[in-house]
Each structure stands twice: as C-alpha cells, then as structure tokens.
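Before any comments, here is the structure.
Atom set for the values below is all heavy atoms of this structure, side chains included, hydrogens, waters and symmetry mates excluded. Sequential numbering from 1 along the given sequence is applied to the chain's residues.
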Amino acid sequence: MKYLEEYRNPEIAHRLLDEIRDKVTRPWVIMEICGGQTHAILRNGIDELLPDTVTLVHGPGCPVCVTPLELIEKALTLASRPEVTFVSFGDMLRVPGVSRDLFKVKSEGGDVRIVYSPLDAIRIAKENPDRQVVFFAVGFETTAPNSAMLVAQAVREEITNLSLLVSHVLVPPAMTALLDSPQNRVQAYLAAGHVCTVMGWQQYESIVRDYHVPIVVTGFEPVDLLSGILSAIKQLESGQAKIENQYARMVTREGNLYAQRQIDDVFQICDRTWRGIGVIPRSGLKLRDKYATFDAEPRFGLTDLVIAEPADCISGIILQGLKKPNECPQFGNRCTPATPLGATMVSSEGACAAYYNYQRFRNLSEK
C-alpha cells in the first residue's frame with residue numbers, strides 16, 4: 001500500500017478483523033505503548049470491534065502523563081520567577097501540580113509561552129537578552145533529538161540566557177519494568193512506530209529474547225493497528241515471540257542514526273521517575289556534564305522534591321495496564337477534561353482523555 005487512504009480502508013480493516021476472529025482461541029492481553037495509538041484505537045472503535053477474548057490495555061506512552069509531579073512543581077516555581085520566561089509545549093500548561101497549573105501561573109502574570117518547536121526558544125532568548133528563558137524538555141525518543149538540537153544551536157550562537165528543565169524518558173526500560181512487575185498482565189506489545197522511526201526496532205531485541213514476549217512495531221492508522229494486533233495474535237497462538245515490523249514504510253532496524261547521534265552527544269542515560277509509576281532505572285535522559293550550564297535545576301537552585309500523588313487518582317495504575325480509565329470511580333464524575341485529577345485526563349494523548357472524548361462511559365462488564 002502506498003497511500004494513506006489505503007490504511008483507512010474499511011474493507012481491508014474488516015478483513016483483518018475477520019482474520020483476528022478466526023485466529024483467536026483463548027484470551028490475550030495486548031498493550032499498545034503509545035498514547036497516540038490509544039486515541040486512534042478508540043477513535044476508530046477498534047477496541048469494540050475486537051473479539052471479547054482480545055483485551056487491549058494502554059501503556060505509559062504519553063509524555064505529558066508520565067512527567068513526574070516533582071518536575072511539574074519545579075516548572076511552576078520557575079514560571080513564577082519574575083526574571084524567567086518559561087517556554088513549553090501547549091499540552092503541559094494544563095497538567096495539574098499540587099495546587100495549580102502553568103495556565104494559572106500565566107493568569108497571575110507569569111511569562112509562560114507556548115512553542116511548537118524547541119528551536120523557538122532560541123528566538124525568544126535572542127529577542128529577550130535581559131531575561132532567563134527556560135524550555136520544558138519533555139517527551140520520549142521522538143522529542144529528545146529536537147531538545148538536543150536546541151542545546152547544540154545555543155552553543156553555536158553562544159546564547160547564555162537559555163536553559164532546559166529536562167524530563168525526557170525512554171520507552172524500552174518502561175516496557176521491561178512492566179514485564180518485571182508481579183502484577184503484569186501484558187502478553188504482547190504494539191511498539192510505537194514514531195519512537196522506532198528514531199531509534200529503530202533493534203532496541204527491542206533483548207526484550208523479546210529475555211521475556212519471550214511478541215513485539216510488533218505498529219503505525220497509527222486503523223489498518224496499521226489491526227495488522228499489528230493480528231501479528232501479535234498469530235505469535236501468541238503459536239507460542240512464538242519475535243519482533244515484527246508492520247510500519248516498514250517508516251521504520252528500519254537501525255532507525256535514524258543522525259538523530260541518535262544528536263541525542264547521544266547532548267544527553268546521557270539516568271534513572272527517572274515516571275508519574276504514577278515511580279523510579280525506573282536507566283529510563284531517562286539528562287544533560288551531559290559538558291552541557292551542565294544549560295541545566296535549569298542547578299542554575300536556579302532547584303532542590304529535590306518528593307511529592308505524593310493524589311490518593312483519588314489511579315492514573316499510575318492505568319498507565320501500567322492494570323485498569324482501564326472507565327474503571328476509575330472518578331472517571332466522568334469528579335475527573336473530566338475540565339476538572340482533571342491527573343495528567344491522563346489532561347493530555348491530548350492521555351488514555352483517560354481518549355475514553356472521555358470517545359464516550360466509553362459504560363461499564364466494561366456490559367461488553
């Protein structure tokens with residue numbers, strides 16, 4: 001197939017659904033890692049068209065959702081400082097901290113600006129040489145190259161009034177952390193196609209080998225997702241565990257080597273806290289020592305914080321695939337996109353937002 005419309009073709013989608021129904025002989029649980037895939041699944045009703053024996057659970061692949069509460073509080077602190085212009089992607093502005101969000105800080109007079117590219121921070125820093133510009137660097141392997149380019153560009157242009165509040169995270173360590181959990185129910189993964197576009201699918205070879213779990217690299221259109229589910233089902237039913245690439249039009253085994261070199265030059269691997277999940281060893285990126293002057297935390301004397309998640313929000317459990325959003329007592333009641341208790345209801349890639357937007361209000365037992 002060459003054109004996008006083919007990946008949305010209803011006839012092909014129904015043929016794949018029929019094949020899935022023919023292949024399934026027992027219950028299976030498959031996790032799609034990416035929040036974008038979660039929204040695509042619900043938007044197209046794929047979860048409701050699958051046989052009852054195939055359960056899709058939703059993984060921690062939403063960058064806004066997994067940014068730890070401590071980093072949100074540090075962002076709020078920085079954005080409140082009179083000398084700081086705080087620069088962020090728009091999704092982060094509504095993520096609730098302990099008592100407020102970045103929109104609230106902005107309404108109180110904080111200089112908070114939305115950008116669509118990290119490189120916009122360069123322009124803002126050059127236009128405002130008397131201010132300190134801080135970029136909130138969040139996201140997975142997909143956004144880390146752009147943050148790395150921001151640092152490299154700032155070095156080339158000798159910009160000194162720019163720094164980064166870094167909260168980049170890596171997907172494979174989160175996948176292994178879920179598989180290591182005694183509560184794990186994931187039997188196969190749909191790997192996020194855009195992450196693999198950058199990093200390639202070779203990074204999953206050790207997971208398949210060590211955990212004997214099928215992993216299928218999958219895109220974001222209905223036919224992409226159904227093809228990935230079918231491939232996972234075939235492997236599960238036959239007792240196989242291997243990597244399959246259903247997103248070959250974008251993904252290679254090696255990935256984008258130039259982007260990987262950019263990441264490796266600027267960042268090094270570190271332990272990272274994931275919101276609602278906790279610390280996952282070697283799951284994050286931090287600035288290398290040679291770029292330490294761009295680290296906002298020491299520049300502004302931010303100290304380590306330990307903050308408990310709200311007791312009535314189960315987003316951490318949802319991000320681990322242990323429950324679905326509409327199994328939360330607060331879903332659609334106290335917790336809505338207008339009154340979110342957690343980031344999963346705020347983010348455009350959040351699982352709770354997907355369930356709310358596509359009206360999955362009914363009890364799962366009715367399926």
Side-chain angles (χ1 to χ4, degrees), residues 29-39 41-42 55-76 91-92 94-99 101 138-140 167-187 189-190 192 270-284 304-337 339-356 360 364:
V29 177
I30 301 171
M31 171 178 279
E32 85 279 356
I33 291 293
C34 172
Q37 291 178 333
T38 301
H39 277 253
I41 287 167
L42 271 77
T55 300
L56 297 180
V57 294
H58 319 302
C62 164
V64 175
C65 302
V66 300
T67 300
L69 192 53
E70 292 86 351
L71 263 296
I72 300 297
E73 286 298 310
K74 290 180 180 179
L76 295 169
D91 271 5
M92 297 305 300
R94 293 189 61 241
V95 178
V98 174
S99 60
D101 56 30
V138 303
F140 297 95
S167 186
H168 283 301
V169 287
L170 304 171
V171 171
M175 294 168 68
T176 57
L178 296 183
L179 295 172
D180 283 331
S181 169
Q183 298 175 295
N184 172 56
R185 57 192 296 227
V186 177
Q187 295 169 295
Y189 279 118
L190 302 183
C270 64
D271 297 346
R272 182 69 74 186
T273 299
W274 294 52
R275 185 168 189 172
I277 297 176
V279 177
I280 300 178
R282 298 180 61 76
S283 68
D304 290 338
L305 298 172
V306 178
I307 303 172
E309 292 287 338
D312 48 1
C313 179
I314 66 166
S315 58
I317 295 173
I318 292 168
L319 291 169
Q320 297 174 67
L322 302 176
K323 284 193 175 183
K324 296 201 174 188
N326 53 4
E327 294 177 301
C328 174
Q330 312 301 336
F331 176 80
N333 297 313
R334 285 186 58 215
C335 187
T336 70
T339 59
L341 292 178
T344 49
M345 184 60 91
V346 172
S347 171
S348 60
E349 294 187 17
C352 296
Y355 273 65
Y356 191 91
R360 299 299 197 274
L364 292 176

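Of all heavy-atom pairs between D271 and P281, the closest is OD1-CA, 3.3 Å. When all heavy atoms of L71 and T67 are compared, the closest pair comes out as CB-CG2, 4.1 Å. For the pair L319 and R275, the tightest heavy-atom approach, listed with the atom from each and the gap, is CD1-O, 3.7 Å. Looking at every heavy atom in both residues, G97 comes nearest to I72 through CA-CG2, 3.8 Å. In terms of heavy atoms, G350 sits closest to C65 at CA-SG, 3.7 Å. A pairwise comparison of heavy atoms in S347 and A353 identifies O-CB, 3.4 Å as the closest pair.
The main-chain N or O of P173 is found under 3.5 Å from a side-chain atom of T176 such that the two form a donor-acceptor pair. Although no hydrogens or angles enter the test, the distance criterion places a donor-acceptor pair under 3.5 Å between the side chain of T339 and the main chain of R334. A distance-only check finds no donor-acceptor pair linking the side chain of Q320 to the backbone of I277 [under 3.5 Å]. Checked by atom type and distance alone, the side chain of Y189 pairs as donor or acceptor with a backbone atom of M175 at under 3.5 Å.
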> Can L56 and I30 be said to form a side chain to side chain contact (heavy atoms under 4.5 Å, CB included), step by step?
Replying inline: CA-CA 5 Å; L56 297 180; I30 301 171; 4.0 Å; yes
> Given the rule in the side chain to side chain contact (heavy atoms under 4.5 Å, CB included) test, do I280 and R272 qualify, once you have shown the distances and angles that lead to the verdict?
Replying inline: CA-CA 6 Å; I280 300 178; R272 182 69 74 186; over 6 Å; no
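Note that CD of Q37 and CG of L190 are 6.0 Å apart. Values are rounded to the nearest 0.5 Å. Here the straight-line distance linking atom SG of C335 with atom CG of L341 works out to 4.0 Å at 0.5 Å rounding. Separation of atoms NZ (K323) and CD1 (I317) is listed at 6.0 Å; rounding is to 0.5 Å. Going from atom OH of Y356 over to atom CE of M345 covers 7.0 Å, rounded to the nearest 0.5 Å. Here the straight-line distance linking atom SG of C62 with atom CD1 of I318 works out to 12.0 Å at 0.5 Å rounding. Atom SG in C34 sits 9.5 Å away from atom NE2 in H39 (nearest 0.5 Å).
Aromatic ring pairs are classed by plane angle as parallel below 30°, tilted from 30° to 60° and perpendicular above 60°; the pair W274 and F140 is tilted.
More than 12 non-hydrogen atoms from other residues, nucleotides or ligands lie less than 6.0 angstrom from CG of N333.
Residues passing the ring pair (Phe, Tyr, Trp, His ring centres under 6.0 Å) test with H168, sequence neighbours excluded: F267.
Under the 4.5 Å side-chain criterion, counting only non-hydrogen atoms from C-beta, P60 is in contact with M31. By the 4.5 Å heavy-atom criterion applied to side chains, H58 and T344 are not counted as neighbours.
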